[in-house]
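Before we start, here is the structure in question, set down as structure tokens.
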Amino acid sequence: MSFRLQPRTPPIPTDPNAVRVGLERWQERAAELAGSESGGGALQAMEDPGARALIEGIFAHSPYLTREMLREQTFVVGALRDGVDAAIQQVWADFAAIDPGDGADAIMKALRVAKRRAAITVAMADIAGQWDLIQVTDAITGTADRGLEVSWRHALLEQIRRKKLPLDPDAADPLAGSGLVCLAMGKMGARELNYSSDIDLIVLYDDALPAYADHWELRQAFVNATRTMVKLMEERTADGYVFRTDLRLRPDPNSTPPAVSMTAAETYYESMGQNWERAAMIKARPVASDPESAAAFERALKPFVWRRHLDFAAIQDVHSIKRQIAAHKRGVAIKAEGQNVKLGRGGIREIEFFVQTQQLIWGGRDARLRVRGTEDALAALVQAGRVRGEVANALKLAYRFLRKVEHRLQMVDDKQTQVLPDDPAELDRFAAFLGYEDPKGFRGDLAHHLHTVAYHYARLFEEAPALSIPTSESGSLVFTGSDNDPETVATLSGLGFEDPGAIAETIRDWHRGRTRATRSERSRQLLTELTPALLEALGRMPQPDQAFRRFDRFLEALPAGVQLFSLFHANPALIEVMAEILGMAPSLASQLGREPALFEGVLTHDVMRPLPDADALTAELERHLGVVDDYEVALDTARRWTGDRRFQVGVQIIQAHLDADHAGETFSDIADATIRSLLPVVETEFAERHGRLPDTDSPAIGVLALGKYGGRELTHGSDLDLVFVYDTPLDRESDGPKPLMTSAYDIRLSQRLIAALSAKTAEGALYEIDMRLRPTGAKGPLATGLETFERYYAQDAWTFEHMALTRGRVVAGPARLRARIEDSVRTILTTERDPAELLAAVRAMRSRTAKQHRSSSPWEVKHWRGGLLDLEFIAQYLQLREAHRHPAVLDGNTAEAFRRLGAAGVLDDEEARFLAAATRIWRNLQGLLRLTVGRDFDPETAPEALKRRLARTGRAVDFPSLERNIEKMGETVRAAFARHIGEDEE
């Protein structure tokens, strides 16, 4: 028997044991077939030098092919005898013999046997050097085409027979007239499938066919048919599988069914199609489709793919994608070990990109470039004068070499891999599989082709402008297609993201226009260029994944993205600001997610400029309110203004331009301006129904701030402790349509002011209002007459209420009333007290609060013994004890109170300075923690970036030093507490 299949450069057997085992099993299999022609032929093949060399080479290097060739020994002997061309014709005959009307099990078995024989034939032809790359990929693609034709015919027949489709079950071909359009994408579309490739498909159906005019189950029928097709193609059985099938290149795959109507697809591509989808459609090819519907869809899609005029926006998009990829590959060394011949530098993808991008740009004006295959496109680019002939030839040779390496890698275990072995010895053995006697020859050829591709790829669009934003050089960032790019996932992981796959999927959703902000082509083009810098900035945050999700929520809330992305592009520093907000300040980020317009405040103001004082802020807000003649609009205007300004202060804290201690004063000034500006607006609206009280200054009430607000120590999320006071005789009645007596008038007016400050509108709420510190507490009236106020504090108030009053500050009301309230507060606080009674009451109260709020960590800044509350108790106790002798010691701000107590000689200078400094440090730490992690800070698990920021805020060189410093500071404060007030009562 003669054997026509003779290898030109057979693999070099490097594993004698694998060869021995393989030959033993070959002979065993031949013995099972003894007496048959194939059995004898199998033994004769071992006597033919060429056939034996080919078989031994395969046994030495490919467990997968060894297994399949033993399983199909009769077919293999026939291929050795008659040649691979005859063998592949036999495979095509096997496909043609499958009856699509048979049962699914029978069809699945027949398809898998035919696929197995095709895989053996292709491998033998490639390894033996009998076919070039075009023949190899054409045979692999032909196998997929034929498998799909059988599968689709069966799937459609199934739906027709079940009367789910109104078509003739006896038609000669179920595909004709069915409206099915199955687009083979990518390598399959270009007839360039690799050896262990998935097949990428887009399944459409023609919903405009007359036959389907009144058919309501059309979508479900095609979805079911698609699922049947996928099952026939990819379900693994004892006979293997045919092809893994991927449907994710369809329009918006996360929200569309597996089969999409042609109408919906055309609408999508016309309005939302991306340039990467245009590039993908260059290779799209109808397979197993209704010819008329497929032709109609191709005609409809032609203007989307091939634009008549040179599209400069598309060029910019292509440039940005190319630079995004290229920027991440600079400095990446080309080496043999571990090299990815598809995605790595100088790999197959770069050749494909070199070709497709130029087709995308020039193909609209030059029909010669509208070809699917990579080699055909290179030739067309030469003909069109877009690529020099020598460049195209070098890329063609590299493409063929790298595809051959890719196929040989996949023949080892039938795995879809493009990565060469990391181990040098394993790489040497792989070189032997390619027929290299000296592995240095393989390494040299590989390096030559990779460097050739990398050189020409780097020159692609070299005149394109450089990105104006910094880009990472840590790896690839590619967000096109439907799959996560492995190098991109690795890059995202390297940037610090814990779930890089989810990050990549979300970014692809942005590019699909899943949010309003990314639905325009311009916004997506800008986003492409911004993405590297954005990801790097977010990756530096303490919790990058959370910061990224917050940015995604921010995007979802935006009505449009072009303006913001353009500003980011023009001013990349804003990206850092945004990242800091999202990564370091959850409270600000939450606001931003609900109210994206807040970021306009960052854009319209110099965000790092210190805010003016309360008077200037009040004038500013009053100007905004002065042009508004509607009450609800006025409330929304105040909310926007206050939100913008508070947000600005939060950004300054995060950016370390303002410490939390000074921020407390600014937050308080903003609150002052808001209340001062809104109070007359509220009263004017209130007066429309109830009029005004006669002989009363306007507004009718004064607003007294207590707590942190009174002390000008607000944090970003602080409540406002308020007391409302009036000084109008009780027998007065207002002059409106619905008159009210004084007490009811002022109480109702107070209610309206509280509602204006705290009620939620479309613009959110301003502040939470706490009225529990008013005379008689929560059970008392909202507004209190001044005489009642004075009498209560003189006769009935508890010591803690007097302590709270030390922080009292009148923030709004008519000038005369404000002066009277201030005089009353001062009189109350400067009244001489029994020192022993005062000390006992303060000590007992601190003991009770310590039991109610036990703290085990110094990071619970307020209640930690030696923390803020101890400092506040010391300051307020000493003020109440000494104010009758030294009225100047009164100040609502704790740090300033200590300074005044030192100046008055109540405290020695050194202790006063220490206690004031300790107050500021605790305030700064508390303010930063409240803005970043709230109350949930654990130094064991806290991100290093946050700990570094805390150390800087606490004036320490590093976080361990900060921990030591605050421990010592707390001990000293507690000692001061014991010295001035005494130990806690048990």
Side-chain angles (χ1 to χ4, degrees), residues 1-34 38-81 84 116 119-130 195-196 336-339 341 404-415 417 419-446:
M1 181 183 294
S2 61
F3 294 92
R4 295 182 62 184
L5 184 55
Q6 297 293 315
R8 295 173 183 174
T9 53
I12 311 300
T14 55
D15 188 344
N17 186 59
V19 173
R20 177 183 59 77
V21 172
L23 290 176
E24 288 176 357
R25 295 176 63 192
W26 179 268
Q27 290 172 342
E28 290 171 0
R29 180 65 175 149
E32 293 174 6
L33 301 172
S38 59
L43 295 175
Q44 290 177 28
M46 293 299 97
E47 298 173 2
D48 181 274
R52 184 182 181 103
L54 178 62
I55 293 172
E56 288 185 348
I58 291 173
F59 287 172
H61 295 284
S62 173
Y64 163 70
L65 285 173
T66 300
R67 182 175 64 252
E68 299 303 278
M69 288 172 67
L70 290 169
R71 194 173 191 178
E72 291 285 349
Q73 190 180 69
T74 299
F75 178 81
V76 172
V77 170
L80 291 168
R81 181 189 63 234
V84 288
R116 183 164 64 237
I120 292 170
T121 303
V122 169
M124 293 172 67
D126 184 49
I127 294 169
Q130 297 294 306
Y195 190 76
S196 295
E337 287 81 0
Q339 178 71 25
V341 297
K404 181 177 182 178
V405 172
E406 176 187 42
H407 289 165
R408 205 61 59 90
L409 277 168
Q410 294 174 353
M411 288 175 189
V412 174
D413 282 312
D414 189 32
K415 291 181 179 177
T417 181
V419 181
L420 291 168
D422 283 321
D423 180 66
E426 286 293 326
L427 186 64
D428 290 349
R429 283 192 286 274
F430 177 72
F433 191 20
L434 283 163
Y436 284 89
E437 294 187 5
D438 183 353
K440 291 181 181 178
F442 168 66
R443 294 169 188 267
D445 288 348
L446 177 68

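Just so it is clear, the structure is predicted and the values come from calculations on it, not from any experiment.
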Partners passing side chain to side chain contact (heavy atoms under 4.5 Å, CB included) against R67 (at least two apart in sequence or in another chain):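 Result, side chain to side chain contact (heavy atoms under 4.5 Å, CB included) vs R67: Y64.
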
Could you tell me which non-hydrogen atom of P7 sits nearest to which non-hydrogen atom of L54, and how far apart they are?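 It is CG-CB, 4.0 Å.
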
Listed partners of R443 passing salt bridge (charged side-chain N to carboxylate O under 4.0 Å, His left out), at least two apart: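 So R443 forms a salt bridge (charged side-chain N to carboxylate O under 4.0 Å, His left out) with E337, D428.
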
Locate the shortest heavy-atom distance separating G57 from P11; write the atom from each residue and the value.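 Nearest pair, atom of G57 first, then P11: CA-CB, 3.7 Å.
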
Non-neighbouring partners of Y436 that pass ring pair (Phe, Tyr, Trp, His ring centres under 6.0 Å), sequence neighbours left out: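 If we apply the ring pair (Phe, Tyr, Trp, His ring centres under 6.0 Å) test to Y436, skipping adjacent residues, the hits are F442.
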
Looking at every heavy atom in both G338 and V419, which two are closest together, and how far apart are they?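 Heavy atoms of G338 and V419 come nearest at O-CG1, 3.6 Å.
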
Applying side chain to side chain contact (heavy atoms under 4.5 Å, CB included), can you list everything that pairs with D413, at least two apart in sequence or on another chain?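 Only P63, K415 meet the side chain to side chain contact (heavy atoms under 4.5 Å, CB included) criterion with D413.
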
Those residues that, when tested against Q6, pass side-chain hydrogen bond (donor to acceptor under 3.5 Å, both in side chains) (two or more places apart):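 Testing Q6 for side-chain hydrogen bond (donor to acceptor under 3.5 Å, both in side chains), a comparison that skips the adjacent residues, returns D48.
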
Which pairs, with at least one residue in residues 429-442 and sequence neighbours excluded, count as a salt bridge (charged side-chain N to carboxylate O under 4.0 Å, His left out)?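 Qualifying pairs: E426-R429.
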
Is R71 atom CZ crowded by more than 12 heavy atoms from other residues, nucleotides or ligands, each under 6.0 Å away?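 Result for CZ/R71: enclosed.
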
Excluding sequence neighbours, so at least two apart, what forms side chain to side chain contact (heavy atoms under 4.5 Å, CB included) with A18?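 Per chain and number, A18 pairs via side chain to side chain contact (heavy atoms under 4.5 Å, CB included) with D15.
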
Residue list, side-chain hydrogen bond (donor to acceptor under 3.5 Å, both in side chains) with S196, at least two apart or on another chain: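 S196: side-chain hydrogen bond (donor to acceptor under 3.5 Å, both in side chains) contacts with D414.
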
Can you name the closest pair of heavy atoms from I55 and M46 and give their distance?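 Reported closest heavy-atom pair: CD1-CE, 3.2 Å.
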
Under 3.5 Å, is there a donor-acceptor pair between the side chain of Q130 and the main chain of M124?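 No; zero donor-acceptor contacts below 3.5 Å.
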
Rounded distance (nearest 0.5 Å) linking atom CZ of R25 with atom CD of Q73: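 Rounded to the nearest 0.5 Å, the CZ-CD separation comes to 11.0 Å.
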
Mind checking the CD1-CZ spacing from I120 to F75? Nearest 0.5 Å is all I need.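 Between atom CD1 of I120 and atom CZ of F75 there are 6.5 Å.
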
Considering non-hydrogen atoms only, spot the tightest contact between L409 and P421 and give its length.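 Taking every non-hydrogen atom into account, CD2-CD, 4.4 Å.
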
Closest approach of T14 and A432, non-hydrogen atoms and distance?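 Closest approach of T14 to A432, heavy atoms only: CG2-CB, 3.4 Å.
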
What residues form a side chain to side chain contact (heavy atoms under 4.5 Å, CB included) with R408, not counting sequence neighbours?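 R408: side chain to side chain contact (heavy atoms under 4.5 Å, CB included) contacts with D126, I127, K404, M411, F430, F433, L434.
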
Atom pair CG/CZ of L43 and R29 - distance to nearest 0.5 Å: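 One gets 12.5 Å once the value is rounded to the nearest 0.5 Å.
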
Mind checking what makes ring pair (Phe, Tyr, Trp, His ring centres under 6.0 Å) contact with F59, not counting sequence neighbours?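 Once residues adjacent in sequence are excluded, F59 has no partner under the ring pair (Phe, Tyr, Trp, His ring centres under 6.0 Å) criterion.
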
Taking side chain as C-beta onward, heavy atoms only, is L420 less than 4.5 Å from V341?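 Side-chain contact under 4.5 Å: yes.
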
With the side chain counted from C-beta on, respond yes when E406 and Y195 share a heavy-atom pair under 4.5 Å apart, and no when they do not.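 No, their side chains stay 4.5 Å or more apart.
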
Any residue meeting salt bridge (charged side-chain N to carboxylate O under 4.0 Å, His left out) with E24, in chain and number order, not counting sequence neighbours: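 For E24 the salt bridge (charged side-chain N to carboxylate O under 4.0 Å, His left out) partners, ignoring immediate neighbours, are R20.
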
Could you tell me which residues satisfy salt bridge (charged side-chain N to carboxylate O under 4.0 Å, His left out) with R52, sequence neighbours excluded, listed by chain and number?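 Salt bridge (charged side-chain N to carboxylate O under 4.0 Å, His left out) list for R52, sorted by chain: E56.
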
Report yes if some heavy atom in the side chain of V412 is under 4.5 Å from a heavy atom in the side chain of T417; otherwise report no.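 Not touching, per the 4.5 Å side-chain cut-off.
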
